[in-house]
There are 2 protein chains.
Amino acid sequence: MANIKEIARIAGVSVTTVSRVLNNHPYVSPQKRAAVLATIEQLNYTRNMNAVHLITGRTGAIGVVIPNINYYYFSAILEGLAREALPAKYRLILCQTSYRPEEELQVLDMLRNKEIDGVVIVSTALKPETIEAYTAYGPVVTCQDSGERRFSSVYLEHYAAFWHGLQYLRNKGYRKIGYFEGRQHGSSSGLRQKAFGDFHRESGIPLHPEWIMFDCATEEDGAAALDRLWQMEERPDALIIAGDHVAAGLMIAARSYKIRIPEDLAIIGFDNQPIGRLLGLTTIDNQLFEMGAAAFRIIHDQINEDAPSPVYRKLDYRLIERTTV
Amino acid sequence: MANIKEIARIAGVSVTTVSRVLNNHPYVSPQKRAAVLATIEQLNYTRNMNAVHLITGRTGAIGVVIPNINYYYFSAILEGLAREALPAKYRLILCQTSYRPEEELQVLDMLRNKEIDGVVIVSTALKPETIEAYTAYGPVVTCQDSGERRFSSVYLEHYAAFWHGLQYLRNKGYRKIGYFEGRQHGSSSGLRQKAFGDFHRESGIPLHPEWIMFDCATEEDGAAALDRLWQMEERPDALIIAGDHVAAGLMIAARSYKIRIPEDLAIIGFDNQPIGRLLGLTTIDNQLFEMGAAAFRIIHDQINEDAPSPVYRKLDYRLIERTTV
DNA sequence: TTGTAAGCGTTATCAA
DNA sequence: TTGATAACGCTTACAA
């Protein structure tokens, strides 16, 4: 493949001039510019971007740490990210980590290696301290609340949002509340668990630990959790479920038990997913698209600063009343 | 940041020796190796990968052209791709294109620019001729049948699979068949449409064009298409639906019409998605994970050849009988 | 087993 | 407005 030197030679100019044409710099006469462009065309030339990255110290790429692209929660954030990043001419390097720390560190190491200009951590198993150590190499944004750390974050107040949902159930008269959750140990999940505990304590409603089901990640997990619940002697009359798709699985399974919703069992979901809309699921919207979009905007701003201070951006939640409560 | 020269200077060796240590080459004495490693540790050094990419002409990255990560069909292929690529130490550069040719060309241009070592095209709006032009710059694999082109492909026989599904419906006694499809103009979708037409012609079953619903991409589209269908005077007694999630949306909506499945309406889906499993949806499995995995394996093999011949890998489909037919 | 030096293909600097 | 030439940070002949 031709390189810039060859273009220069054939066009009868210096490599500097070719470079200027390539980068739309001023101070190139129309004649030379035309000659260069013609030669580029003729030789079907394009730059070797690795050389550009080397000398400029920039790559125009953002690394994305994401546990699983298959789940709505993550893919919606990613979608928001992509919608902002691609028009801004940034590429996204995706790393699906399944919460494996080695994989997550690999992306952070890419920042160190200069392969990427910044990192967006959608969800992680890493400790905040570990992430902080990498901020020396470039901007890092997480999509979860990590407190006032030395890196930026865009986050939803999971504690308040969950509390709001529980309060809503209580106001509607429900006193026996079950809870389906994804990961047991996770930043956002931990906040929701705390809200669940604190709410019961403060409102004096007795908490049934056996009605808390962890590891509900898929529709089928939701269905299976209902099976377990319905084998119990005492059952809840309402459920709060992290993830509308899990709630959807449960609702579908509920039919075979002839459970009427909300008469026998009220349900409130989380994420405002399309499947929940279809099922009339009452849910809490948490602005997933905006989360991704905001994360990119922060990274983008910070890439051009030399010692950026971390930004903490809180997103609002919103209860969407439909027909399951 | 420190560079290889500085490491060499401080460790008291040449840059070559440092490079050898970095790349685990033989012929380095234990003493020097130790000294180099100690210095690397001490200065918290890592390579600038852009320089490595420049000199080696490799980047260890694969570009992925994917219309939308949010849809199961695509994300499942991506998942399969990631499962093979990441352990092989390849990174995936994801470009969500929404079938915009400019975006798709951008990925192919990255191949030209040496930013990536190969391209996997999950689904595309580009003409095969356009793609062929880029094979000069590196290996390209598509996940759809493009005929015997100058690039590789992993594909499902959509025509045969769809025919199989239609035949199955016919054998079960259904003669009034409707059809929900995603994109009207698409490579795989075109094959399915042709199968639908040919099947009716050959079997003498009258085809009702009004029962063909295009642009069914989401659960809600499936529900809406049922609405339209149920306003008609004459209705089908069976449906073949490209995409289990669309079928799922329809099944959920069917409840409010009190439609019994399969007594009033039989349904056969496509993709074997989890939501379909939950609903007992009869479907056609098309090995999406394997499709992604195979695509990577082909790319991976071809990266090391200098003039690789295209590989055409056909995947098997399988009808999964459940309860909706 | 080690080191010198020549690339890789760009952009940046500085002088003309 | 132009062009030599020096970076950028690494790998790899080739020589020792």
Side-chain angles (χ1 to χ4, degrees), chain A residues 1-37 39-40 43-61 109-117 137-138 304, chain B residues 1-37 39-40 43-61 109-117 137-138 304:
Chain A
M1 267 284 289
N3 59 21
I4 199 175
K5 231 167 157 174
E6 193 171 349
I7 300 296
R9 186 176 54 75
I10 295 175
V13 299
S14 70
V15 290
T16 312
T17 299
V18 178
S19 177
R20 287 199 180 103
V21 172
L22 289 170
N23 295 288
N24 288 313
H25 279 303
Y27 304 132
V28 181
S29 67
Q31 298 81 352
K32 299 216 167 185
R33 163 163 281 125
V36 168
L37 288 174
T39 313
I40 285 173
L43 276 93
N44 188 26
Y45 164 82
T46 45
R47 285 184 290 188
N48 181 324
M49 292 308 288
N50 296 312
V52 178
H53 297 161
L54 173 60
I55 190 106
T56 59
R58 289 280 174 76
T59 62
D109 278 323
M110 286 178 67
L111 187 61
R112 249 183 110 191
N113 294 340
K114 310 275 185 199
E115 291 186 84
I116 52 182
D117 297 343
Y137 311 114
N304 295 308
Chain B
M1 269 283 289
N3 60 22
I4 200 176
K5 229 167 160 177
E6 194 172 348
I7 301 295
R9 188 175 55 74
I10 296 175
V13 299
S14 72
V15 291
T16 312
T17 301
V18 177
S19 177
R20 289 198 179 107
V21 172
L22 289 169
N23 295 289
N24 289 313
H25 278 304
Y27 305 131
V28 181
S29 69
Q31 296 84 352
K32 299 217 167 182
R33 165 162 280 125
V36 168
L37 288 174
T39 312
I40 285 173
L43 292 175
N44 187 28
Y45 165 82
T46 45
R47 284 183 291 189
N48 181 324
M49 292 308 290
N50 296 313
V52 177
H53 297 161
L54 173 58
I55 190 111
T56 59
R58 290 278 173 77
T59 62
D109 277 324
M110 286 178 66
L111 186 62
R112 246 183 113 191
N113 293 340
K114 309 276 185 198
E115 291 186 86
I116 52 182
D117 297 342
Y137 310 115
N304 295 308

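These numbers come from a predicted model, not from an experiment. Naming: A, B, ... by sequence-line order, numbering from 1 per chain.
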Scan B:Lys5 against the nucleic acid and name what it touches under 4.0 Å (heavy atoms): base, sugar-phosphate only, or nothing.
-> nothing
Go through the N and O atoms of the side chain of A:Thr16 and the base of D:dA4, and report whether any donor-acceptor pair is under 3.5 Å.
-> yes
Below 4.0 Å: OP1/OP2 of C:dT2 and any side-chain N or O of B:Ser14 | no
Could you tell me the separation between the CG atom of B:Leu43 and the CD1 atom of B:Ile10, rounded to the nearest 0.5 Å?
-> 4.5 Å
Might you work through the side-chain hydrogen bond (donor to acceptor under 3.5 Å, both in side chains) test for B:Thr16 and B:Ser19, ending with a clear yes or no?
-> CA-CA 5 Å; B:Thr16 312; B:Ser19 177; over 6 Å; no
Any idea which of C:dT11, C:dC8, C:dA5 is nearest the A:Ser19 side chain?
-> C:dT11
Answer with base, sugar-phosphate or nothing: what part of the nucleic acid does A:Asn50 contact at a heavy-atom distance below 4.0 Å?
-> nothing
Distance check: side-chain N/O of A:Asn23 vs OP1/OP2 of C:dT11, anything under 4.0 Å?
-> yes
For the pair made of CD1 in A:Ile55 and C1' in D:dC10, what is the distance, rounded to whole Å?
-> 13 Å
Do A:Asn50 side-chain atoms and B:Lys114 backbone N/O form a donor-acceptor pair below 3.5 Å?
-> yes
Can you check whether B:Asn3 has a side-chain N or O nearer than 4.0 Å to OP1 or OP2 of D:dG9?
-> yes
Per nearest nucleotide of DNA chain D, the residue lying toward the 5' end, B:Tyr45 or A:Arg20, is A:Arg20
Look at the side chain of A:Thr56 and the base of C:dT10, then say whether one donor and one acceptor between them are separated by less than 3.5 Å.
-> no
Side-chain contact check for A:Lys32: nearest option of C:dT2, D:dG3, D:dG9 is D:dG3
To the side chain of B:Thr17, which of D:dT11, C:dT2, D:dG9 is closest?
-> C:dT2
Is A:Arg58 near enough to C:dT11 that one of its side-chain N or O atoms lies under 4.0 angstrom from OP1 or OP2?
-> no
